[in-house]
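Right, one structure below, let's go through it.
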Amino acid sequence: MRGRFGRPQYPRLGFGFHILTFTGLCAIWLGAAHLIEGGQRDELSEAPDRISTDLVRRSHPGDAGAAFVKWFSDGHDESRWYRSDFDLVENIAQVGWSAEHISFDKDSAHLWITDKPSPTNPYTSGEYQKRGWYSFGRFEVVMKAAKGSGLVSSFFTHTGPYFDDPHDEIDFEFLGKDTNRVWLNWFSNGQAGEAKWHELGFDAAEAFHHYAFEWTPDTIRWFVDGVLVYERPEGSRPVPVTPGRIIVNLWTGREAQFDWHGEPNFDVASHASYQCISFRALDDLTSPQCSDGWPLPTTTDPAEALQVATR
């Protein structure tokens, strides 16, 4: 899925101006607003009077993101996770993201899609991002997909031009029109890899299941309930190399996507649910993962049972 970060519609975070006189300053301000609204450069909110092209351009940290495991029984941690709250413009999806379309209960986070219009789109939905940037390693999720024609429930890594990066991405995407299979794909420098439909042998919308991918400098491997189901074919599109965000979302596309995901015809209270997301770097063999505590205990909170820290 290309270009997941759209143009914010309104400046926030205490900016005292809405209109700038000079074209050059407008360009800088709009670039910064992209990142502030999307939560992509937290430091901008700490020093709004020092906006410059150096701040607008993102540079990756020297080290990849640290290992973490997040059980959603712990609810939301604003310092480490971002509830997307901006609109998508000139994008294949026809949704705006709203923090109000993410809810939490005793063991899960839920992303909801409704026909409440956003400023520029006919639907509003939920997207959840891990703050920071993540590279080679193992990425895991325990999730249940949304059912309904036109819906796409996802788990992926992503970066792209909004961060002054090439478009690099690795995907699990579940189509609501047929939740008995999953779309496995990647992008490297804006070019799609050799995608594959994998027949699951179960309905991904009926129960939680464990999904993972391993991203190395040489290959990508996708797993379902601990079983390897696909590996990047040798000689196909190169492996992505740019660190990206870890993201889950629920969306529906424009007419060009209908042949793929079906025409939008879903319950406006449809939702995708997530119990756990984790990351462990390539050479890390000890940090806890979602798979360490899944299936979930039936009588205790998974975070308490595993005694793992939310990072």
Side-chain angles (χ1 to χ4, degrees), residues 1-6 31 34-44 56-70 80-84 86 88 91-93 97 111 126-141 143 152-173 183-193 195 211-223 232 236-251 274 276-284 287 289-290 311:
M1 176 181 174
R2 298 172 184 266
R4 297 177 187 269
F5 300 89
H34 278 306
L35 303 178
I36 294 170
E37 184 72 5
Q40 312 308 334
R41 285 301 300 270
D42 304 331
E43 62 266 41
L44 289 179
V56 171
R57 293 188 61 188
R58 181 182 67 78
S59 60
H60 294 295
D63 298 324
F68 72 89
V69 59
K70 170 64 174 177
R80 292 164 178 157
W81 293 83
Y82 173 62
R83 293 173 292 185
S84 294
F86 55 88
L88 290 173
N91 187 275
I92 66 170
W97 305 126
L111 309 182
E127 178 180 81
Y128 207 46
Q129 304 182 30
K130 179 68 173 68
R131 297 186 187 272
W133 306 96
Y134 295 86
S135 186
F136 304 127
R138 182 175 173 89
F139 300 75
E140 298 190 358
V141 67
M143 65 173 288
V152 183
S153 309
S154 70
F155 170 61
F156 62 102
T157 58
H158 177 273
T159 191
Y162 278 101
F163 309 124
D164 200 22
D165 281 337
H167 175 198
D168 280 5
E169 181 172 344
I170 303 173
D171 296 295
F172 273 96
E173 292 185 298
W183 181 251
L184 309 174
N185 193 23
W186 78 97
F187 287 83
S188 176
N189 197 23
Q191 300 298 311
Y211 308 95
F213 60 84
E214 293 177 353
W215 175 18
T216 78
D218 301 315
T219 193
I220 308 166
R221 303 181 185 92
W222 288 261
F223 300 80
R232 168 190 166 269
S236 61
R237 178 66 52 187
V239 172
V241 297
T242 312
R245 291 275 187 164
I246 300 173
I247 305 174
V248 295
N249 65 19
L250 177 62
W251 59 281
Y274 298 81
C276 184
I277 298 174
S278 68
F279 167 76
R280 191 162 77 177
L282 188 60
D283 297 325
D284 181 354
S287 293
Q289 305 174 98
C290 294
R311 301 184 181 182

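Aromatic rings from F139 and F155 are positioned such that their centres are separated by 6.0 Å or more. Under the 6.0 Å cut-off for aromatic ring centres, W133 and F163 qualify, their centroids lying closer than that.
Y134 pairs in a ring pair (Phe, Tyr, Trp, His ring centres under 6.0 Å) with only one of the listed residues (F213, F68, W215), which is F68. D168 pairs in a side chain to side chain donor-acceptor pair (under 3.5 Å) with only one of the listed residues (T157, N189, T242, T159), which is T242.
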How far apart are the C-alpha atoms of F187 and F156, what are their side-chain angles, what is the distance that settles it, and do they pass the side-chain contact (heavy atoms from CB on, under 4.5 Å) test? CA-CA 11 Å; F187 287 83; F156 62 102; over 6 Å; no
Worked check of side-chain contact (heavy atoms from CB on, under 4.5 Å) between V141 and Y274: CA-CA 7 Å; V141 67; Y274 298 81; 3.7 Å; yes
Walk me through it: do Y211 and W222 pass the test side-chain contact (heavy atoms from CB on, under 4.5 Å)? CA-CA 8 Å; Y211 308 95; W222 288 261; over 6 Å; no
Show, in sequence, the C-alpha distance, side-chain angles and deciding distance for F86 and L88, and conclude whether the side-chain contact (heavy atoms from CB on, under 4.5 Å) test is met. CA-CA 7 Å; F86 55 88; L88 290 173; 4.1 Å; yes
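The closest side-chain heavy-atom distance from F172 to L184 is below 4.5 Å. Residues L282 and P217 have side chains in contact (heavy-atom distance under 4.5 Å, counting atoms from C-beta outward).
The CZ atom of R245 lies 5.0 Å from the CD atom of Q129; values are rounded to the nearest 0.5 Å. In this structure, the separation between NE2 on H167 and OG on S188 is 10.0 Å, given to the nearest 0.5 Å. Interatomic distance, R131 CZ to I246 CD1, rounded to the nearest 0.5 Å: 14.0 Å. Atom OG1 of T216 and atom CZ of R232 lie 9.0 Å apart (nearest 0.5 Å). In this structure, K70 NZ and C276 SG are separated by 9.5 Å, a value rounded to the nearest 0.5 Å.
Defined by atom type and a distance below 3.5 Å, a donor-acceptor pair is present between the side-chain atoms of N249 and S154.
When every heavy atom of A192 is checked against every heavy atom of N185, the shortest pair comes out as CB-ND2, 4.3 Å. Residues G126 and L111 approach most closely at O-CD1, 3.6 Å, considering heavy atoms.
For the pair K130 and F279, the cation-pi criterion (under 6.0 Å, within 45° of the ring axis) is not fulfilled. Cation-pi geometry between R138 and F223 is met: the NZ or CZ atom falls under 6.0 Å from the ring centre, inside 45° of the normal.
Under the side chain to side chain contact (heavy atoms under 4.5 Å, CB included) criterion, R83 pairs with H76, E78, A99, I102, Y128, not counting sequence neighbours.
Within the 3.5 Å criterion, the main-chain N or O of C290 finds a donor-acceptor partner in the side chain of E140.
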